[in-house]
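Everything on this sheet refers to the single structure shown next.
Residue numbers start from 1 in every chain, and the chains themselves are labelled A, B, ... in the order their sequence lines are given, proteins ahead of strands. None of the values given here were measured: they were computed from a predicted structure.
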2 protein chains.
Amino acid sequence: MGHGHGKGPGQWCHGKFRGCGYRMTTGREAVLDVLSQANEHLSAEDIYMKIHPVYPAIGLTSIYRTLDILVNIGLIHKFDFGHGRARYELTEGPKGKRHHHHLVCTGCGRVIDYTDFIDEEVALLKKTEEGLSKKYNFRIDNHLIQFYGLCDACNRS
Amino acid sequence: MGHGHGKGPGQWCHGKFRGCGYRMTTGREAVLDVLSQANEHLSAEDIYMKIHPVYPAIGLTSIYRTLDILVNIGLIHKFDFGHGRARYELTEGPKGKRHHHHLVCTGCGRVIDYTDFIDEEVALLKKTEEGLSKKYNFRIDNHLIQFYGLCDACNRS
DNA sequence: AAAGATAATGGAAACCATTTTCATTTAGGA
DNA sequence: TCCTAAATGAAAATGGTTTCCATTATCTTT
Ligand SMILES: [Mn+2]
Ligand SMILES: [Mn+2]
Ligand SMILES: [Zn+2]
Ligand SMILES: [Zn+2]
């Protein structure tokens, strides 16, 4: 799994985790570890397969449970790109990447993060959110923006 | 199911359906009928339950198959609001409502269509799409925008 | 450093929306 | 009306996710 040399994000999240009344366990630390190392959008099984060689005792069930908690705590986001399984990614923050949106290729399933063009989008979203909040008395805490189409590789064929 | 007095959207879609090499059947007409009558976002089973009293012979399987075709033809959109089942809605067009985005309540699951604030959004999206297309050589044909939060009713409690 | 209370775990089974299979029926051109 | 490929329903299969429950591990209290 390649800790490299440091402690992984375990230490960092330890507090946040415990602060919410959860215990810190090997499995939970491993999941966080994998997620913070990853640069793709991982499924529960992806995470399981990365953890398993190192900690064979940790089961898929626990990974699902940990992911649920992390989503609720707000440390990760859960996405459905339409491939039949949920995918997870660290939220923006100290250890997370910056807030971004997604390009989803309907040909090969590739998902591209983009962080350009975001500033304007977010500015407009703020305005839109304000309008919607007022009109519908709807408290918005999150948004999802995805573009669907064909990626470079799929365009060529 | 309440045809009222007309023929439903069957006639209208008959051509489009046949034009793509598909045969027109009672079940397919019924699905289109229900979808065009609906003002909510229906699941396959929702549609089945509306059709069943009138056409008990039509099975859920066929409804799934019809919905797949309609999505591919582009007559309907398929959404995942995170409730564990897909939901469907007529695309914009002669018989469909106008293009819109969604507010999804994480409390009660309600989904609100909004058509205000769309013009500006779409304008920005166009611009964003152009930028992304160029940068990633990604051909965008669709987008998904959803806001998550708490609806009026859920805010009060 | 132990013990106790209770949260967390893994493996198997259950769940459940959707898909596949396949024998039968149907639509629609000839 | 006939014919053939497309469409269908019922049942079984699929596969990601959840639930169950007996066992284990964490962390607080001694
Ligand atoms: Mn991403
Ligand atoms: Mn809608
Ligand atoms: Zn692609
Ligand atoms: Zn609500």
*Taking side-chain contact (heavy atoms from CB on, under 4.5 Å) as the test, write out the residues that go with Ile76(A), two or more places apart.*
Leu35(A), Leu67(A), Leu70(A), Val71(A), Tyr88(A), Leu90(A)
*Of all pairs that satisfy salt bridge (Lys or Arg N to Asp or Glu O under 4.0 Å), the ones with a partner from residues 138-148 of chain B, not counting sequence neighbours*: Arg139(B)-Asp141(B)
*List the protein contact pattern of nucleotides 14-24 of chain C with one symbol per nucleotide (5' to 3'): B for base contact, S for sugar-phosphate-only contact, - for none; contact means a heavy-atom distance under 4.0 Å.*
---SSBBB---
_Filter on salt bridge (Lys or Arg N to Asp or Glu O under 4.0 Å), then keep only pairs touching residues 54-69 of chain B, sequence neighbours left out; what's left?_
none
*Got a sec, which hydrophobics cluster with Tyr148(B), joining ILVMFWY side chains under 4.5 Å apart, including via others?*
Phe79(A), Phe81(A), Val104(A), Val111(A), Leu144(A), Tyr148(A), Phe79(B), Phe81(B), Val104(B), Val111(B), Leu144(B)
*For Glu130(B), side-chain contact (heavy atoms from CB on, under 4.5 Å) partners two or more places apart*: none
*Angle, rounded to 10°, between the helical axes spanning five pairs at each terminus of the helix from dA1(C)-dT30(D) to dA30(C)-dT1(D)?*
30°
*Identify, with sequence neighbours excluded, every residue that meets ring pair (Phe, Tyr, Trp, His ring centres under 6.0 Å) alongside His99(B).*
His101(B), His143(B)
_Can you list, by chain and residue number, the hydrophobic cluster partners of Leu150(A) when the side-chain cut-off is 4.5 Å?_
none
*Walk along DNA chain D from 5' to 3' and tell me the first and last nucleotide with an atom closer than 4.0 Å to a non-hydrogen atom of chain A.*
dG16(D) to dT28(D)
*Set of residues satisfying ring pair (Phe, Tyr, Trp, His ring centres under 6.0 Å) with respect to Tyr136(A), sequence neighbours excluded*: none
_I need the full list of salt bridge (Lys or Arg N to Asp or Glu O under 4.0 Å) pairs touching residues 145-157 of chain B, with sequence neighbours left out, sorted by first then second residue._
Asp152(B)-Arg156(B)
*Will you find, in the side chains of Asp46(A) and His41(A), an N or O donor that is under 3.5 Å from an N or O acceptor?*
no
*Roughly, in whole Å, what's the span from OH in Tyr55(A) to C1' in dG10(C)?*
17 Å
